[in-house]
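Data block below; observations after.
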Protein chains: 2
Amino acid sequence: METTYTEENYLKAIWSLSTKSGKGVSTNKIAERLETKASSVTDMIRRLSEKGLVDYIKYQGVKLSDEGREVAVRVIRKHRLWESFLVDKLGFNWDEVHDLAEQLEHIRSTELTDRLDSFLGNPKFDPHGDPIPSRDGSFPERERRLLQSFGPGDEIIVTGVSDSSVAFLQFLNRMKLELGTHLRVVEHIDFDQSMLVQREDGNEQLLPQGVVSQLLVTEKLN
Amino acid sequence: METTYTEENYLKAIWSLSTKSGKGVSTNKIAERLETKASSVTDMIRRLSEKGLVDYIKYQGVKLSDEGREVAVRVIRKHRLWESFLVDKLGFNWDEVHDLAEQLEHIRSTELTDRLDSFLGNPKFDPHGDPIPSRDGSFPERERRLLQSFGPGDEIIVTGVSDSSVAFLQFLNRMKLELGTHLRVVEHIDFDQSMLVQREDGNEQLLPQGVVSQLLVTEKLN
DNA sequence: ATATATTTTTAGACTAATCTAAAAATTGAA
DNA sequence: TTCAATTTTTAGATTAGTCTAAAAATATAT
Ligand SMILES: [Mn+2]
Ligand SMILES: [Mn+2]
Ligand SMILES: [Mn+2]
Ligand SMILES: [Mn+2]
C-alpha cells in the first residue's frame, strides 16, 4: 500500500490525538493540529477510509485501523530516529530538530531506517524523551515512579496515574496534565507537599499534594 | 524563491543534459531522462520560465538561468553528500545509494547540509568519484580522462565512471574495480579495444572494451 | 522544392490536496 | 422539548502535475 506524505501526516496526527477512551478523533481537532480546514480533513478522512487505514462513521470521528496504526508508528519511528541522528551526530540542539524530522520522516526505505537505527546504537528514546518504536512496532517500556520522588531540576514525562478514579482524571484534565506532558521540577514545597513545576511553554505551575503523590512519571533520559 | 521537488528534478535534469555547446536542451531529451511525456515537459518548462529559472524559446530548447543553475547545483550538492553519508557512515554499497539520494536531495535546510558536510569531513568527491560542489557552488577540479586514452606503462587511479547504471557498477564490483583502485596499463589490445592492466598485487587483468571506454581515471603522479 | 517524418506544442481531461461558502447534523441551554 | 450555537459535511472552485490525442512547427529525404 502506497501512502503519500500528506496521508502519513494525517495518520500521525490521528495517532497522537487518540486517547485510550475509545472515542474517535474529531474533525476539528485534526484540522487544528494540521493547521488546515475542517472540510479538507473530511475529504482526506474519506480517502483514508476507502484505503482501509481508518475506521470512519460520519459525524462520529475517526479511529486508526490496525494497518493505519502500523503506518503511523513506522513514520514515528523514522521521525524519532532522525531526531536522534540530528542531535547525537550533527550536533543540533533538541529544540531545532523537529521541523527537519518532519521532512526526513517521509523518506521511504526500511533498509535505511534500520541501518540508521544501528548506526545510532539502537537508541530507545529520542532527544525529547519519547520512546522510539522498534522495527516490529513495539514501544520500549520505561520505569515509572511517583512524581513525589523527584527533586529540583529533574525532567520528567507524565506516563501514568496510580489513582484512576473519575474525579482524579477529571482533575488532571483541569490541570492540563495528560499522558506525554513534559515537566521540569522547580521546587518541592515542604509546607504541604505540593510541588512547583515548569511546563514546556516555560510557564510555572503549582501541583497540589494529591497530584504529586498519585502521578506516575518517567525520568527523561539524556 | 520556493521550488517544489518536481521543479528541482527538472532543473537537475536540464543541468546534466546541458553541454558546453550553448545549445538548448530538447524537450524530448528531458522527457526521456525523467521518464515522462514531452507534453508534461513543455508544461513544466513554461512554469520554470515564468519563475525565471530557465530561458526558454518555443521549439528552441531550454537553458538554465543563473538562478536556475544555482538551485540545480544546491540539489546536486545535497545528493552527493547524502550518497557519501550512506556509504561512509551507514555501510551501503556504492550501487545501492542513488535512489535513496534522489529522495534525500530534496530535504530543505542549508544548515543541515552544511553540518552533514562537516560531519563527513568535507569530502570533495562522492562514492562514484563525482565532484561535490561547495557551499558557494564551486566544483573541485580534478583531471579525469577515459581509461582508453592511456597506453602501456601509464599508472592511474580509478576516480569515476561515465556510466552510473546499476548494471555497470555491479559489473565493476565483480571485476573488483572501485574508486581508488591503482592500475598500470600493460597493453592495449587493438583486436577488440580491450586492455590488459596490472593490479597492485601484481596480478594481470583483462578489461573489456565496455569498461575501458566508460571508466574515468586520474594519472598517478610520481 | 515538395512531401514525409519527427519534434514540439496545444487542447482538454484527470488526480491529489486544498480552499470558501453553504447546508446538514449534532449538541446543549433555556 | 425546542431553538440556537457549534460541528461537520457537501458543493463547487483552484492549483500542481500528469496524461492522451491532435495540431503546429521543424527537420529530412527525394
Ligand atoms: Mn519531533
Ligand atoms: Mn511530516
Ligand atoms: Mn547519484
Ligand atoms: Mn529527485
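By convention in this document, chain letters (A, B, ...) are assigned in the order of the sequence lines, proteins followed by strands, and residues within each chain are numbered from 1.
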Candidates [options] - which lies nearest the side chain of [X]:
{"X": "B:Y10", "options": "D:dT8, C:dT8, D:dT18", "result": "D:dT18"}
{"X": "A:S26", "options": "D:dT8, C:dT20, D:dT18", "result": "D:dT8"}
{"X": "A:T6", "options": "C:dC19, C:dT18, C:dT10", "result": "C:dT18"}

Report yes if a side-chain nitrogen or oxygen of [X] is closer than 4.0 Å to either non-bridging phosphate oxygen (OP1 or OP2) of [N]; otherwise report no.
{"X": "B:T4", "N": "D:dA16", "answer": "no"}
{"X": "A:T42", "N": "D:dT9", "answer": "yes"}
{"X": "B:N28", "N": "C:dT8", "answer": "yes"}
{"X": "A:K58", "N": "C:dT26", "answer": "no"}
{"X": "A:S40", "N": "C:dC19", "answer": "yes"}

Nearest-angstrom distance from the residue atom [atom1] of [X] to [atom2] of [N]:
{"X": "A:L53", "N": "C:dA16", "atom1": "CG", "atom2": "P", "result": "14 Å"}
{"X": "B:K23", "N": "D:dA27", "atom1": "NZ", "atom2": "C1'", "result": "12 Å"}
{"X": "B:I30", "N": "C:dT8", "atom1": "CD1", "atom2": "P", "result": "9 Å"}
{"X": "B:E2", "N": "D:dG17", "atom1": "CD", "atom2": "C1'", "result": "18 Å"}
{"X": "A:L11", "N": "C:dA17", "atom1": "CG", "atom2": "C1'", "result": "15 Å"}
{"X": "B:N9", "N": "D:dG17", "atom1": "CG", "atom2": "P", "result": "11 Å"}
{"X": "A:I57", "N": "C:dT26", "atom1": "CD1", "atom2": "P", "result": "12 Å"}
{"X": "B:K29", "N": "C:dT7", "atom1": "NZ", "atom2": "P", "result": "9 Å"}

Interface residues of residues 43-50 of chain B with DNA chain C (non-hydrogen, below 4.0 angstrom):
none
Does [X] count as lying over the ring of [Y], i.e. NZ or CZ under 6.0 Å from the six-ring centre, within 45 degrees of the axis?
{"X": "A:R142", "Y": "A:F125", "value": "no"}
{"X": "A:R115", "Y": "B:F92", "value": "yes"}
{"X": "B:R46", "Y": "B:Y56", "value": "no"}
{"X": "B:K89", "Y": "A:F85", "value": "no"}

Let me spell it out: for each of A:Y5 and B:Y56, pick the nucleotide of DNA chain C with the closest heavy atom. Which residue's pick is nearer the 5' end?
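The residue mapped nearer the 5' terminus is B:Y56.
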Mapping A:E7 and A:Y59 to their closest nucleotides on DNA chain C, which lands nearer the 5' end?
A:E7
Do the ring centers of B:H128 and B:H98 come within less than 6.0 Å of each other?
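Between B:H128 and B:H98, the centre distance exceeds or equals 6.0 Å.
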Check B:K12 with B:E7, please: is the shortest side-chain N to carboxylate O separation under 4.0 Å?
no
Are a donor atom and an acceptor atom from the side chains of A:Q214 and A:S162 found within less than 3.5 Å of each other?
yes
Donor on one side chain, acceptor on other, A:H182 and A:E155, under 3.5 Å
no
Counting distance alone, no hydrogens or angles: does the base of D:dT18 have a donor or acceptor under 3.5 Å from a partner atom on the side chain of B:S39?
no
